[in-house]
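Every value quoted in this text rests on a predicted model; they were computed, and no experiment measured them. Just so it is clear, the values below take in all heavy atoms, side chains as well, and ignore hydrogens, waters and symmetry mates.
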Amino acid sequence: VDEERDLDDVTIVAMAQALIALDLPAECVAGVRANLVALAEHVARVAG
Amino acid sequence: LSGALAIAAAVRSGARSAMSVAEEALARIAALDGAIGAVTRVLRDRALEEARAVDAVMAAGGDPGPLAGVPYGVKDLFDVAGWPTTAGAAMRADAPPAAADAEAIRRMRSAGAVLVACTNMDEFAYGFATINAAYGTTRNPHDLKRLAGGSSGGSAAMVASGMVPLALGSDTNGSVRVPAALCGVYGLKPTHGGLPMAGVFPFVDSFDDIGPFAGSVADLTMVWQVLRHADCTRHSSEAWDLVRQGRASLPEDPSLRSDDGVGRVALLGGWFLRNLSGDMRAALDALAARLGGIDTVELPDVPRARSAAYVMTAAEGGARHLPELRARAMDFDPQTRDRLIAGAMVPTAHYLAAQEFRTTFRAAAERLFERFDVLIGPCVGEVAPRIDDPVVTVDGAQVPARAHLGMLTQPLSFIGLPVIAAPLNRLGLPLGVQLVGRPGGEARLFALAAKLEADGVIGRPLPLGQSRAMLDG
């Protein structure tokens with residue numbers, strides 16, 4: 001489980017760099033992840 | 001202090017000086033704000049200078065304007081000449097001072113109103129709570145252990161506590177309506193684009209509007225009249241006559257000439273009746289009965305509209321702040337920062353899908369407004385959340401108030417509809433309803449609000465521990 005969580009952190013940091021050229025500080029990872037999860041739910045609802 | 005119109009009448013008649021009113025407002029702020037935390041900057045020198053100018057016009061026999069001597073506060077995202085516009089962000093405390101007032105402030109000043117303070121907000125207006133890492137949490141005047149709502153919570157709390165009779169805020173997804181409901185005051189979110197945005201720090205261009213808070217329908221009507229006209233003094237007599245006659249509606253709207261002005265009214269069902277407290281549900285039933293047993297109608301796809309608004313807000317807000325996030329992410333309020341970063345990462349395809357759905361949803365609303373003139377729904381489903389447990393209940397789950405208090409307001413601003421948030425006249429903590437109109441249909445809303453207020457259905461509740469005499473001075 002920890003490995004998966006670590007991988008998620010790496011993925012999120014890489015996404016931030018690739019998508020918006022932002023070097024994501026470590027302090028932001030958990031909050032950004034939570035907000036991405038919430039946004040994904042809303043995006044799915046918009047898609048119907 | 002009493003209501004805005006009573007103050008203006010006293011000043012215009014010479015019974016009171018604007019200077020004495022301003023000094024009283026400043027004294028109230030000094031006495032009350034320590035416990036509430038609504039004010040981020042007291043503008044003492046400016047307030048006294050503006051009051052002195054109003055008194056000088058009176059002394060010279062001139063017309064000081066329809067809001068002569070009325071003190072008010074503005075959310076700290078309106079430009080105030082000579083001061084940095086912080087938008088609730090500590091990182092902007094040393095921003096260059098604004099060169100000029102926001103257009104809305106210019107109009108208030110030309111109407112004789114006196115600016116006394118800037119007010120607290122969620123950082124960059126991204127939240128429904130007024131929980132601010134730099135400027136503190138604004139407390140609800142009705143229960144200091146509870147949230148005032150946001151993001152214009154400081155403005156709502158100033159009016160609710162009686163520091164001032166009027167305040168200005170902004171509403172992107174509910175930032176006027178949510179704090180108005182939780183603090184028990186009136187608020188207006190105009191038709192999108194209906195009031196001047198020049199000199200207002202932006203959040204989401206697609207939805208941003210400014211709007212006033214007031215303690216009565218008449219006061220709200222007057223400030224709306226002032227804000228919508230570029231030259232307030234030209235309309236001073238007309239606006240004053242209208243309100244003095246108790247005619248909240250506007251003569252230039254021909255649709256009001258054929259009936260009582262209230263028009264066809266319905267209750268919003270579906271999404272708007274889910275997740276309500278027992279008190280709110282009972283209040284809506286009582287309100288519907290009072291209006292003669294109105295129909296309950298459903299706006300289709302409201303949850304999808306709320307989600308689309310959520311996605312567009314995140315994407316536009318994130319994109320706006322991305323340069324600052326790249327430069328100094330750690331200077332943001334952590335709660336705002338993480339939401340903005342996630343929003344900036346929303347792919348364009350998802351943003352465009354949300355925008356496309358807006359067209360469909362707007363068409364559905366237009367069809368509903370062919371049958372009805374005003375729709376009524378709850379503003380927030382329950383009373384203000386506690387500060388030490390800032391959550392609301394959605395479908396049985398506890399979710400953060402900061403992101404979800406606007407779940408009932410968000411779908412309506414998504415398509416730019418005008419809404420009056422009105423406090424229910426009840427004992428206990430405040431609850432508010434939304435009176436929703438078609439674009440440009442504000443006159444209907446004011447007419448219905450005036451009727452409901454006259455009938456005692458809506459009206460400003462007093463903060464706990466305050467009597468009407470205390471509030472009125």
Is [X] close to chain A through its backbone or its side chain, or both, or neither, when contacts mean heavy atoms under 4.5 Å?
{"X": "B:Ala314", "answer": "side chain"}
{"X": "B:Arg337", "answer": "side chain"}
{"X": "B:Pro303", "answer": "both"}
{"X": "B:Ile341", "answer": "both"}
{"X": "B:Val346", "answer": "side chain"}

Can you find a pair of side-chain heavy atoms, one from A:Leu36 and one from B:Met345, that are under 4.5 Å apart?
yes
Would you check if B:Ser307 and A:Glu41 make a side-chain contact, meaning some heavy-atom pair closer than 4.5 Å?
no
Region of A:Ala30 that comes under 4.5 Å of a non-hydrogen atom in chain B
neither
Compare every heavy atom of [Y] with every heavy atom of [X], then report the nearest pair and how far apart it is.
{"X": "B:Val311", "Y": "A:Leu39", "answer": "CA-CD2, 4.2 Å"}
{"X": "A:Gly48", "Y": "B:Arg304", "answer": "N-NE, 4.4 Å"}
{"X": "A:Val32", "Y": "B:Ala342", "answer": "O-CB, 4.0 Å"}

From A:Asn35 CG over to B:Leu340 CG, what is the distance, rounded to the nearest 0.5 angstrom?
9.0 Å
Taken to the nearest 0.5 Å, the spacing of A:Ile20 CD1 from B:Arg326 CZ works out to 7.0 Å
For A:His42, the option from B:Phe357, B:Tyr351, B:Tyr310 that meets ring-ring contact (aromatic ring centres under 6.0 Å, His included):
B:Tyr310
Within a 6.0 Å radius of atom CD on B:Gln398, are there more than 12 heavy atoms belonging to other residues, nucleotides or ligands?
yes
For each of A:Leu19, A:Leu24, A:Val43, tally heavy-atom pairs with chain B at distances under 4.5 Å, and name the one with the top tally.
A:Val43
